[in-house]
Amino acid sequence: MDLYIPIIVLGLLAFAFAALSVLMASMTGPKRWNRARLDAYECGIEPTPQPVGGGRFPVKYYLTAMLFIVFDIEIIFLYPWAVAFDSLGVFALVEMVLFILTVLVAYAYIWRRGGLEWD
């Protein structure tokens, strides 16, 4: 249990800082509310009306999200494998090659759909 005490203390400090920040902002911030302040702000541009169910997002948004998920999954599995590589043997090497091939299929899909083009 002694190993978890610093983590618990850090969590409590983070929670206290967040709560104190929100409390101080609400106490010291301006209290004047008007119609302009409640409107959506889009960098000085008049907000465009949105349909009731929300607007449609372009496919690039989903491709970018998928790219981040693929990166995260790859990193989550590669770090522990790299740390324990010496003790795992040939079976783990074959499994990691299969995993990398699966990840490359996802990268190829994103590449073909234009997810890596930032124009």
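Inter-residue side-chain proximity for Leu88 and Leu93 is flagged as unmet; no heavy-atom pair is nearer than 4.5 Å. Counting heavy atoms from C-beta on, the side chains of Leu67 and Tyr62 never come closer than 4.5 Å. Looking only at side-chain heavy atoms (C-beta outward), Tyr109 and Met66 come within less than 4.5 Å of each other. Thr64 is not listed as a side-chain neighbour of Ile110, based on a closest heavy-atom distance of 4.5 Å or more.
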Legend entry - Derivation and outcome, side-chain contact (heavy atoms from CB on, under 4.5 Å), residues Ile8 and Met1: CA-CA 10 Å; Ile8 293 170; Met1 187 64 183; 4.2 Å; yes
Inset, instruction - Please report the C-alpha distance between Phe85 and Trp81 in whole Å, then the side-chain angles of each, then the deciding distance to 0.1 Å, and finally whether the ring pair (Phe, Tyr, Trp, His ring centres under 6.0 Å) criterion is met. - result: CA-CA 6 Å; Phe85 177 71; Trp81 175 78; 5.1 Å; yes
Inset, instruction - Run the numbers on Ile73 and Phe99 for side-chain contact (heavy atoms from CB on, under 4.5 Å), then give the verdict. - result: CA-CA 10 Å; Ile73 290 172; Phe99 172 71; 4.1 Å; yes
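To the nearest 0.5 Å, the span separating OG1 on Thr102 from CD1 on Ile100 amounts to 9.0 Å. A distance of 9.0 Å separates CE in Met27 from CG in Leu20, rounded to the nearest 0.5 Å. A distance of 10.0 Å separates CH2 in Trp111 from CD in Glu117, rounded to the nearest 0.5 Å.
Val94 and Phe77 fall into different hydrophobic clusters, defined by Ile, Leu, Val, Met, Phe, Trp and Tyr side-chain heavy atoms under 4.5 Å apart, directly or through other members. Linking ILVMFWY residues whenever their side-chain heavy atoms come closer than 4.5 Å, directly or via other members, places Ile69 and Leu104 in the same cluster. Under a hydrophobic-cluster definition in which Ile, Leu, Val, Met, Phe, Trp and Tyr are linked whenever side-chain heavy atoms come within less than 4.5 Å, directly or via other members, Val105 and Val70 are assigned to different clusters.
In plain terms, the two heavy atoms of Ile75 and Pro80 that are nearest each other are O-CD, 4.4 Å.
When hydrophobic side chains of Ile, Leu, Val, Met, Phe, Trp and Tyr are connected at separations under 4.5 Å, Val9 ends up clustered with Ile5, Leu13.
Residue pairs meeting the side-chain hydrogen bond (donor to acceptor under 3.5 Å, both in side chains) criterion with at least one partner in residues 69-80, sequence neighbours excluded, are Glu74-Tyr107.
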